[in-house]
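Worksheet for the structure shown next.
Within every chain, numbering begins at 1; the chains are lettered A, B, ... in the order of the sequence lines, protein sequences first and strands thereafter.
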Amino acid sequence: MTDHAPLLTTPLHALHVSLGARMVPFAGYDMPVQYAAGVLKEHLHTRTKAGLFDVSHMGQVLVKAKSGAVSDAALALEKLVPVDILGLKEGRQRYGFFTDENGGILDDLMITNRGDHLLVVVNAACKTADVAHMQAQLSGCSVTLIEDRALIALQGPAAETVLASLAPEVAAMKFMDVRDVTLVGAACIVSRSGYSGEDGYEISVPANKAEELARALLAHEDCEAIGLGARDSLRLEAGLCLYGNDIDTTTSPIEASLEWAIQKARKAGGDREGGFTGAARILGELASGTARRRVGLKPDGKAPVRSHAKLFADAEGKNEIGEVTSGTFGPSVEGPVAMGYVPTDFASAGTQVFAEVRGKYLPVTVAALPFITPTYKR
Amino acid sequence: MLKFTAEHEWLKLEGDVATVGITQHAADQLGDLVFVELPDVGATFEKNGEAATVESVKAASDVYCPLAGEIVEINEAITSDPSLVNSDPQGKGWFFKLKLANAADADELLDEAAYKELIG
């Protein structure tokens, strides 16, 4: 998409405008960055009650094997992601990433086994490329971008109460469970997941029922609409990567500290070792490590340290060692938080480095991620 | 006397010393402030010099020195609680007091009516 193309809108666009959202261009869409309460209060509301996010700009993609067997679709997709998909049970979801020939990350995604097919959710900015990539590489499968559904994330400790007020059965779901649930009379696909570090759900809903569902959720006293601004500070406190900032084709999953997402079956000695794009580099790095790592960074002072701030080993700015990839003020942490890449020698928690901010070199401590304690319902 | 700049600073003039802050309009546009960096007392600035920095959750913004002069006092209350700038930008949320190099320079700034017209 060029800068001049008209912005796309989600099925909830009119709702955002009617709620007084400040709208901004994001990944080709006109999206709410914040509502009247503002980013700080929206963030804290999500951590204490429940926040409703429109994530309909993300791509929902069906991957179905021509044979009709989900195991064939799983084996096909395993060529593109270093994740155990064959072992993913029906009604379960898993995080993964597409890798390229050099072991770089093309996008990160969520994969669900829907019984007779896979449902893949990808980032808005990457979805056209991701669909083309899958269509070109998954010869035995049909790959279809779903155009007629919205995606709503409901996040926070009250998310269960809010959603169970419409469908009590969602309370029994565990983290990464995915179920068919009827909400406001519509056939929805509900996963117990999200990207805020909180317990919560993501709901795929037919586009023509999306606003009715959103309004029904917002009618609950604990639920408020939350914009992309708070979504970013929530995910950063939770230590979760934003594609295009923290991970991209120049970062490998091991450099990005995402090896937890590569299951045993795909590692050396596993049942289906390797066999994915970029496997040589990624398996090599799993065995012998990387020169740099993504780490949490806790600025010692009050000043936020933003993305692209340079990192130094010394307070004089002589020995440049890396760069901040995401940084903001963490409303729950009540101080600045950041992530970035540093040489492996500097990657242990407690190591002091310095970030360049407006010509000064501010002390920053390498910190364990996440910055908050996740409340996923395992 | 209250004066304004097109960059959304306000000045309250008392003799040749101006109390300076950002306008309600600017505070509303910036959103919740989480960090304020003020100049040192004794620092001197030219007109439109970068005198202070404010950061919201989302981004950093510069606050310009509206006229040439010397910083004679700063409001440390806003560095310990930046939300004062959001709640009372034209009162408790003032930034610094500036001894003007030339008090007559203030004449070229906007009055309240002209500023209100500017922001619509």
Listed by residue number, which members of residues 299-309 of chain A have a heavy atom under 4.5 Å from any heavy atom of chain B?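 At a heavy-atom separation under 4.5 Å, chain B is reached by A:Lys302, A:Ala303, A:Pro304, A:Arg306.
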Which pair of heavy atoms, one from A:Val39 and one from B:Asp32, lies closest together, and at what distance?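 Heavy atoms only, the tightest pair is N-OD2, 3.7 Å.
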Exercise: identify the closest heavy-atom pair between B:Lys58 and A:Arg22: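 Scanning both residues, the minimum pair turns out to be NZ-NH1, 4.0 Å.
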Under 4.5 Å heavy-atom distance to chain B, tell me which part of A:Ala36 shows up: side chain, backbone, both or neither.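 No part of it gets close to chain B.
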With a 4.5 angstrom heavy-atom cut-off, could you sort out which part of B:Ser56 is near chain A: side chain, backbone, both or neither?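 B:Ser56 touches chain A through backbone heavy atoms alone.
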At a 4.5 Å cut-off on heavy atoms, which part of B:Ala60 comes close to chain A: side chain, backbone, both, or neither?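 Contact with chain A involves both backbone and side-chain atoms of B:Ala60.
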Please check if atom [atom1] in [X] has more than 12 non-hydrogen atoms from other residues, nucleotides or ligands closer than 6.0 Å.
{"X": "B:Glu117", "atom1": "CD", "result": "no"}
{"X": "B:Gln29", "atom1": "CD", "result": "yes"}
{"X": "A:Glu316", "atom1": "CD", "result": "yes"}

Short N-O contact, B:Glu37 and A:Arg358, less than 4.0 angstrom: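 Yes, this pair counts.
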Considering only distance and modelled atom types, tabulate donor-acceptor pairs under 3.5 Å from the side chains of residues 327-337 of chain A, sequence neighbours left out.
| from | atom 1 | to | atom 2 | distance (Å) |
| --- | --- | --- | --- | --- |
| A:Thr328 | OG1 | B:Val57 | O | 2.5 |
| A:Ser332 | OG | A:His43 | NE2 | 2.9 |
| A:Ser332 | OG | A:Arg47 | NE | 3.1 |
| A:Ser332 | OG | A:Glu237 | OE1 | 3.3 |

